Amino acid sequence: SERDIETTKKIEEQRKAFLERMVALHEDGTVSYLELIFGAEDLNTFLTKYDYVTSMLDYDKKVIAELRETKEELKKTREQKEAALAVDTE
């Protein structure tokens, strides 16, 4: 149905955004989060870098959660359709 198509497109867009982020991190030669934080010269820089890393991690968690939620939504919709078809064919 149209809803399934839209949900599938949403999954692909979320997946693509997440993969683009991972590629960008890799291409930038990203150091580990710990190296970033503990490479700070002073307390102010440490706190700034800590906030930055925390924001990145929160964003990544949000994107992954949204992707999982959208996939689960599609799965439920498909299961409901299969159940309705099973009832119709009986």
Side-chain angles (χ1 to χ4, degrees):
S1 75
E2 189 173 322
R3 183 177 167 99
D4 284 352
I5 293 169
E6 289 175 17
T7 304
T8 302
K9 285 181 184 180
K10 185 176 179 181
I11 289 171
E12 277 306 308
E13 289 170 5
Q14 290 172 335
R15 185 176 169 274
K16 183 179 175 184
F18 179 72
L19 291 176
E20 286 174 358
R21 169 132 164 73
M22 294 297 108
V23 169
L25 286 173
H26 177 73
E27 288 175 350
D28 289 343
T30 303
V31 295
S32 76
Y33 294 131
L34 290 177
E35 288 175 323
L36 181 66
I37 292 171
F38 292 115
E41 299 81 32
D42 56 42
L43 182 59
N44 188 40
T45 305
F46 172 84
L47 294 174
T48 301
K49 289 182 177 189
Y50 178 80
D51 285 342
Y52 174 71
V53 168
T54 302
S55 295
M56 289 187 334
L57 291 173
D58 288 345
Y59 174 78
D60 289 346
K61 286 178 188 177
K62 178 183 170 206
V63 169
I64 291 168
E66 287 175 356
L67 181 56
R68 286 182 178 152
E69 186 178 300
T70 305
K71 283 184 171 184
E72 188 62 32
E73 178 183 320
L74 180 61
K75 180 182 173 186
K76 286 180 182 179
T77 301
R78 288 182 175 167
E79 288 172 352
Q80 289 172 348
K81 286 183 181 182
E82 288 174 8
L85 285 173
V87 169
D88 287 344
T89 57
E90 291 179 1

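Here the structure is a predicted model, which means the values were calculated and not measured. Residue numbers count from 1 along this sequence.
Distance CZ/Arg78 to OG1/Thr7: 9.0 Å, rounded to 0.5 Å. If you take CD on Glu66 and CD1 on Ile11, they are separated by 12.5 Å, rounding to the nearest 0.5 Å.
Cluster annotation: Ile64 and Leu74 are assigned to distinct hydrophobic clusters (Ile/Leu/Val/Met/Phe/Trp/Tyr, side-chain heavy-atom contacts under 4.5 Å, transitive). Hydrophobic clustering places Phe46 together with Leu57 (ILVMFWY residues linked when any side-chain heavy atoms are closer than 4.5 Å, directly or through intermediates).
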Between Lys75 and Lys71, is the side-chain contact (heavy atoms from CB on, under 4.5 Å) condition met? List the steps. CA-CA 6 Å; Lys75 180 182 173 186; Lys71 283 184 171 184; over 6 Å; no
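A donor atom on one side chain and an acceptor atom on the other are not found under 3.5 Å apart for Thr54 and Asp51.
Open room surrounds OH on Tyr52; 12 or fewer heavy atoms of other groups in view lie less than 6.0 Å from it.
Pairs of residues two or more places apart, or lying in two chains, that qualify as salt bridge (Lys or Arg N to Asp or Glu O under 4.0 Å) and include a residue from residues 1-12 are Arg3-Glu73, Asp4-Lys81, Glu12-Arg15.
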